[in-house]
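Start at 1 and go down the list; that is how both ligands and their atoms are numbered. What you see is a predicted model, and the numbers here were worked out from it, not measured in a lab.
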Amino acid sequence: MSHDPIIVALDFDSATEADRLVNALGGSAGFYKVGMELYAAAGMDYVRRLIDRGNRVFLDMKYYDIGETVKRAVAVAARSGAAFLTVHGVGQVMRAAIEGRGDSAMKLLAITVLTSFDRNDLREQGYDCEVADLVRQRVDLAAQCGIDGIVASPLEARAIREQAGPKLTIVTPGVRSRGAATGDQKRVATPAEAIADGANYLVIGRQVSRAADPRAAMEAIRAELAEHAASRA
Ligand code: C5P
């Protein structure tokens with residue numbers, strides 16, 4: 001099967017709601033992101049259930065704790081069979097995550113700087129630099145630590161790809177088809193733009209999950225990507 005770049009975010013507060021979307025999508029999606037909200041509601045039992053039903057799971061836990069705790073939590077997450085797990089892009093956390101992952105196939109993705117942070121948020125945390133500078137520094141550190149990929153805004157994807165080379169996996173949320181509601185997302189790109197800028201995977205949330213017909217919304221995105229791929233062939 002060819003590479004499927006679409007990851008659907010299950011941003012729900014119960015397994016019932018999440019299942020409603022998974023069932024509506026049927027076979028049109030096979031990779032789901034479970035974040036803090038659904039994890040708090042339904043936990044690893046739900047993650048394992050998704051995997052048992054043949055899906056891949058991106059565990060968006062954004063771990064950030066002392067090394068020993070991160071190492072142990074990552075080891076448990078890896079045993080669940082999840083495909084991707086996020087940790088914050090600071091050295092101690094990333095090194096502990098790599099130790100915890102051991103020889104499992106789970107990919108570790110680093111969060112460089114949360115996209116909701118601006119220069120003032122960084123100053124509050126004691127960093128006197130531009131967001132872009134800290135992103136660049138953390139991409140380098142992630143690569144040095146042996147992290148597999150980066151979660152990045154689609155507007156950062158091109159610079160990160162140029163900086164880090166072809167091997168790094170780039171996963172971009174904040175993606176919207178032209179004409180789709182942007183909600184609270186201020187800086188968005190279309191799925192085709194994000195792929196053209198070097199993203200390997202796109203996290204799609206509300207454009208699919210809040211659609212009257214999620215399967216049709218998914219198929220429209222796939223058609224958009226196929227059209228783009230054909231125009232570049
Ligand atoms: O906006 P949308 O509903 O498509 O968001 C999908 C997912 O991407 C959500 O789980 C959200 O937490 C995540 N996201 C993110 N960084 C952003 C925007 C969205 O991680 N800048």
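- Asp52 pairs by the side chain to side chain donor-acceptor pair (under 3.5 Å) definition with nothing, not counting sequence neighbours.
- Ionic pairing of Arg119 and Asp133 is not present here: no N-O contact between side-chain nitrogen and carboxylate oxygen is shorter than 4.0 angstrom.
- Residue contacts with ligand 1 include Lys33, since one or more of its heavy atoms lies under 4.0 Å from the ligand.
- The shortest N/O to N/O separation between Asp11 and ligand 1 falls below 3.5 Å.
- Listed by chain and number, the residues in a side chain to side chain donor-acceptor pair (under 3.5 Å) with Glu219 amount to none (sequence neighbours excluded).
- With respect to Arg206 and Asp11, no salt bridge is recorded, no charged nitrogen being found less than 4.0 Å from a carboxylate O.
- Annotation: the span from Leu38 atom CG to Asp13 atom CG amounts to 9.0 Å, rounded to 0.5 Å.
- Proximity of Arg176 to ligand 1, defined as any heavy-atom pair under 4.0 Å, is confined to the side chain (atoms from C-beta onward).
- Applying the 4.0 Å criterion to heavy atoms of Thr115 picks out, from ligand 1, the atoms 16 (N), 17 (C), 21 (N).
- Residue-to-ligand polar distances place Gly205 within reach of ligand 1: an N/O pair is separated by less than 3.5 Å.
- Close contacts of ligand 1 with Arg206, meaning ligand atoms under 4.0 Å from a residue heavy atom, involve 1 (O), 2 (P), 3 (O), 4 (O).
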